[in-house]
**Student:** 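Let me give you the structure first, and then I'll get to my questions.
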Number of protein chains: 4
Amino acid sequence: MPTQTFFNLPEEKRTRIINAALKEFATLCFDHASVAHIIKMAGIPRGSFYQYFNDLKDLYKFIIDLTGERKISYLKEHVPQFEGKGFDFFQTLRDLCIAGLRFAEENPELLAIGNNFLKEPNKALKDEVMGEQLLKAQDIYTRMVQKGIELGQINPQIDPLLAGHFLGIWSASLSEYYIFQLQTIAANPSIDEISLLKDPQSLKHLDQMLDLLAHGLANKSPLGGEHDDDPARRQSNPKNF
Amino acid sequence: MPTQTFFNLPEEKRTRIINAALKEFATLCFDHASVAHIIKMAGIPRGSFYQYFNDLKDLYKFIIDLTGERKISYLKEHVPQFEGKGFDFFQTLRDLCIAGLRFAEENPELLAIGNNFLKEPNKALKDEVMGEQLLKAQDIYTRMVQKGIELGQINPQIDPLLAGHFLGIWSASLSEYYIFQLQTIAANPSIDEISLLKDPQSLKHLDQMLDLLAHGLANKSPLGGEHDDDPARRQSNPKNF
Amino acid sequence: MPTQTFFNLPEEKRTRIINAALKEFATLCFDHASVAHIIKMAGIPRGSFYQYFNDLKDLYKFIIDLTGERKISYLKEHVPQFEGKGFDFFQTLRDLCIAGLRFAEENPELLAIGNNFLKEPNKALKDEVMGEQLLKAQDIYTRMVQKGIELGQINPQIDPLLAGHFLGIWSASLSEYYIFQLQTIAANPSIDEISLLKDPQSLKHLDQMLDLLAHGLANKSPLGGEHDDDPARRQSNPKNF
Amino acid sequence: MPTQTFFNLPEEKRTRIINAALKEFATLCFDHASVAHIIKMAGIPRGSFYQYFNDLKDLYKFIIDLTGERKISYLKEHVPQFEGKGFDFFQTLRDLCIAGLRFAEENPELLAIGNNFLKEPNKALKDEVMGEQLLKAQDIYTRMVQKGIELGQINPQIDPLLAGHFLGIWSASLSEYYIFQLQTIAANPSIDEISLLKDPQSLKHLDQMLDLLAHGLANKSPLGGEHDDDPARRQSNPKNF
DNA sequence: AATGAATGAGAATTCATTCAT
DNA sequence: TATGAATGAATTCTCATTCAT
């Protein structure tokens, strides 16, 4: 945690430091972030940095927490049925995705930071930072699936844990797609400030992904003849091993 | 590319260097790999390194290519219908996963390298290295989906590009899950040399993931009343926008 | 010297600062002691420190003086014949040693501080601090020797100054031995609170050292044939020069 | 240990580095020595230092070993009876002292380094460095005392370990006394290059110290009435406890 | 071609002391 | 007088790359 000194700072200065850190961690992963950059951007002396934070990791943890909190509170605000009644699994998921997308558009740096964090190769660091975050995305998905099953919206044969895992992958894939789009837009000066949310293509992509999630890849049309994917039967084919 | 000098080296020495590099990049991501480590492991003088490679990136690209080639040729060898006739999408995908898993078990270093590469945060580097790989996993998946649609095995409504993208991440995540299992096993001395392939639990997990992929999450039972997830209708709820 | 501000401080606060300083200098030598530690332990703000003391050296000198004074007054209290009549050199020395030992046991921090000071490598600092101590141990020894000679207890041939020097070394050796014992005890949790004073081994060691001091190393038994150590004669051996 | 690279260096450069280090460690204790100083004195780049030594401690250990070796070999050369026959305890001790003194005069830096090392407050460091030195001064003294007892030159009642410990401190103190003299001379430009060894006053001081060591302080003359210092009897006086 | 020493910019971190409130 | 934030010089150590032999 930052020191009390940091929290005693005048708002303007504290904001300057936080913004510098956000920029740094959005651009570079933890191991490439540098104190030198940050103090330069924030316009504070070297010594001050260490009066505010034990080290770079201290600041990093603070920033990751901040990022998580901001996203959670954004989602809670924009997806009210998230924890309430009248829950509809796919509608909620769609709302979550759209809110997430909007959040990403409004806070591209936070998105980038979250993404860098997910890719963080240093497991120890990741765990240390994660350990202090109470709620992980996957857990939320698992709980959503359970609720969906209870309400008869999700196939009750499905293991909620497994489905939570699957959903985690699914949404990571989604956000990677949007990051890519955003970067393409950002890199292209001719497109200026076009919101992905106003782009029907984006929503179409989202709905296709939702459809994929709901009904799978397999063709149900009787004409094609649905594939038999009973796992037990598959194992009977030994020629591949 | 490595210099001609490198390829002129006696096989034994070249292998020593390659193995050292494999070990280094399996352990550390590109930015943490160090020339110092590699030359020490390979037992070659510092100057020689720069006579074989322009710099570390040069070697990295070479190693990534090598890794990709080895995996591709492994898959081609072990999943014959991959490019042949009698194609069955889900069977092929399952075979690919299992072959990938076996490859990972047999070449844990190559797996780790591939995984580190996927997580590489330096986009410029990633693109540069990627650019030189002719065939990306995602492209293969896209083509598989196209074939599946042609043969009536995959829902023709689905955009092959979108599905290919999703499958790429889905399978990477799957292999990450197995790496984690492998590491857990490796860390536990009481379990010795048990192959994941012989563990029915592992295959069950794989088959469940394939099932989700094929049929989705939604409950089809008429009792529960299938959720109406027509995308067009969803958009009718304006309160979130 | 500390500022008047310091002496005006409420007793409780002044004590807190002194105790923090005692702890710091008992643990670390002057060059490793840090203002940061001390203000943290004492719970005073950084700025206050510099309002009480010019710098760390100022505090250090104060603490060293304090240490010396406390020891002197302890000895005066517990070794009454120290300055009085009925003086017996060896008995007094023994009493001094035992009182010193007891003082050390009762004030391990002061002992450690004194010891750190003796080892202080910065000569300039040492002299500066020493210069302000009125009475050095060696002077006391010299005066004791003079008295011993007057009373026929010490060999009158001996130069009191030289003997004082010798006694200084002798007692340093003794105290080093006891510090070592104390540290051994402190490091060994199974021995708890056993006083060195109650350990007959310790007293035996002291008495052997006193014997060494009184009679020297040389063997007086006629059988061994006492060594001729007349200095004048030694110089006649030129081969070493 | 320094790296092979260091030993491969041209003699001239290696000597420059060693001399710079000798100067540094003679002037400052380990914790105040600085790589910056040393590389400046030696005229080598920062990076080179770390190609020769792991860190400052590595160099320090090397220098301490060097110092010890040089002194030991000097003493072996100049005090032949040190390990040979015809051993005479006090004569040998005197020769050792004089040789040590001469060594100190010829190598004031080595003397200062040894002295700084003896005062080193960091016990862990001291042990680590010491651990690699085979023969400690104190052990030598203990063995000398044992020999002296065997040959009837030393009072057999004396515990050799105790006496060895005492002799270690005694001789260190002696050399410290002479360092002080040397420094006084060095600081006084009017006295130029007068060897302490040619100063009869110095030898007189040494011989007096040896005399005290051999015969103790006590007055043996029957007139004075020798003090009764039987330890058992001393304890009968309870008033001090 | 092989070798391995030379280089110096750049990273993090510490700390005594000053100064504005 | 009390306070605690500001400061920046000084420290160690790393490492990719070059260059002379």
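Values below: all heavy atoms of this structure, side chains included; hydrogens, waters and symmetry mates excluded. Just so it is clear, the structure is predicted and the values come from calculations on it, not from any experiment. Below, chains carry the letters A, B, ... as their sequence lines are ordered, and counting in each starts from 1.
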**Student:** Return whichever of B:Lys13 or D:Gln51 has its heavy-atom-nearest nucleotide of DNA chain E closer to the 5' end.
**Tutor:**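 Taking each residue's closest nucleotide, the earlier one in sequence belongs to B:Lys13.
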**Student:** Where each residue is assigned the nucleotide of DNA chain F containing its nearest heavy atom, which of D:His37 and B:Ser34 is assigned the position nearer the 5′ end?
**Tutor:** D:His37
**Student:** Categorize A:Phe53 for me: base, sugar-phosphate, or nothing, with a 4.0 angstrom heavy-atom threshold over every strand shown.
**Tutor:** nothing
**Student:** Tell me what B:Phe49 touches on the nucleic acid: a base, only sugar-phosphate, or nothing, going by heavy atoms under 4.0 Å.
**Tutor:** nothing
**Student:** Would the distance check show the side chain of B:Arg14 and the main-chain N or O of B:Phe7 forming a donor-acceptor pair, the cut-off being under 3.5 Å?
**Tutor:**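 Answer holds: yes.
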**Student:** Should we say atom NZ of C:Lys40 is surrounded by more than 12 heavy atoms from elsewhere, each under 6.0 Å from it?
**Tutor:**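 Open.
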**Student:** Just to confirm, is there a sub-4.0 Å distance from OP1 or OP2 of E:dA1 to any side-chain nitrogen or oxygen of B:Thr5?
**Tutor:** yes
**Student:** For the side chain of D:Glu120 and the backbone of D:Cys29, is there at least one donor-acceptor N/O pair under 3.5 Å apart?
**Tutor:**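 No; zero donor-acceptor contacts below 3.5 Å.
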**Student:** For a quick check of understanding: with a heavy-atom distance under 4.0 Å over all strands, which category does D:Lys57 fall into, base, sugar-phosphate or nothing?
**Tutor:**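 Result for D:Lys57 = nothing.
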**Student:** Would you mind reading off the distance between A:Leu9 atom CG and E:dA20 atom P, rounded to a whole angstrom?
**Tutor:**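 Atom CG in A:Leu9 sits about 17 Å away from atom P in E:dA20.
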**Student:** Do C:Arg46 side-chain and F:dA5 base share a donor-acceptor contact under 3.5 Å?
**Tutor:**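 Donor-acceptor pair under 3.5 Å: no.
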**Student:** F:dT12 C1' sits how many Å from D:Phe30 CZ, rounded?
**Tutor:** 11 Å
**Student:** To the nearest Å, how far apart are A:Glu12 CD and F:dA5 P?
**Tutor:**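 Nearest whole value for this atom pair: 16 Å.
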**Student:** Whole-Å distance between F:dA2 P and C:Ile39 CD1?
**Tutor:**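 That distance rounds to 14 Å.
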**Student:** Taking for each residue the nucleotide of DNA chain F with the nearest heavy atom, is it A:Phe6 or B:Asn54 whose nucleotide lies nearer the 5' end?
**Tutor:**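 Nearest-nucleotide comparison on DNA chain F picks A:Phe6.
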**Student:** Please determine, for E:dT21, whether a Watson-Crick or G-U wobble partner exists with both distances under 3.5 Å, and give it or none.
**Tutor:** F:dA2
**Student:** Could you state the CG-C1' distance from B:Leu59 to F:dC15, rounded to the nearest angstrom?
**Tutor:**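 Rounded to the whole Å, the gap is 16 Å.
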**Student:** Between C:Tyr50 and E:dT17, is there a contact of a side-chain N or O with OP1 or OP2 at under 4.0 Å?
**Tutor:** yes
**Student:** Once you measure the plane-to-plane angle for C:Phe62 and C:Phe6, does it fall in the parallel (<30°), tilted (30-60°) or perpendicular (>60°) bin?
**Tutor:** perpendicular
**Student:** Heavy atoms only, 4.0 Å cut-off, all strands: where does B:Ser48 land among base, sugar-phosphate and nothing?
**Tutor:**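 Base, at least one base heavy atom under 4.0 Å.
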**Student:** Under a 3.5 Å cut-off for both distances, is F:dC13 Watson-Crick or wobble paired, and to whom?
**Tutor:** E:dG10
**Student:** Using atom CD1 of A:Ile17 as one end and atom C1' of F:dA5 as the other, report the distance to the nearest whole Å.
**Tutor:** 11 Å
**Student:** Using a cut-off of 4.0 Å on non-hydrogen atoms, how would the nucleic acid contact of D:Tyr52 be classed: base, sugar-phosphate, or nothing?
**Tutor:** sugar-phosphate
**Student:** Roughly how far, to the nearest 0.5 Å, is CD1 of D:Ile63 from CG of D:Asp58?
**Tutor:** 10.5 Å
**Student:** More than 12 heavy atoms of other residues, nucleotides or ligands under 6.0 Å from NZ of D:Lys119: is that the case?
**Tutor:**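 Yes, NZ of D:Lys119 has more than 12 neighbouring heavy atoms, counting only those of other groups under 6.0 Å.
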**Student:** In this structure, how many angstroms lie between the C1' atom of F:dT12 and the CD1 atom of D:Ile44, rounded?
**Tutor:**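 Between C1' of F:dT12 and CD1 of D:Ile44: 14 Å.
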**Student:** Between A:Asn8 and F:dA5, is there a side-chain N or O to OP1/OP2 distance below 4.0 Å?
**Tutor:** yes
**Student:** Would you mind reading off the distance between A:Glu11 atom CD and F:dA5 atom P, rounded to a whole angstrom?
**Tutor:** 16 Å
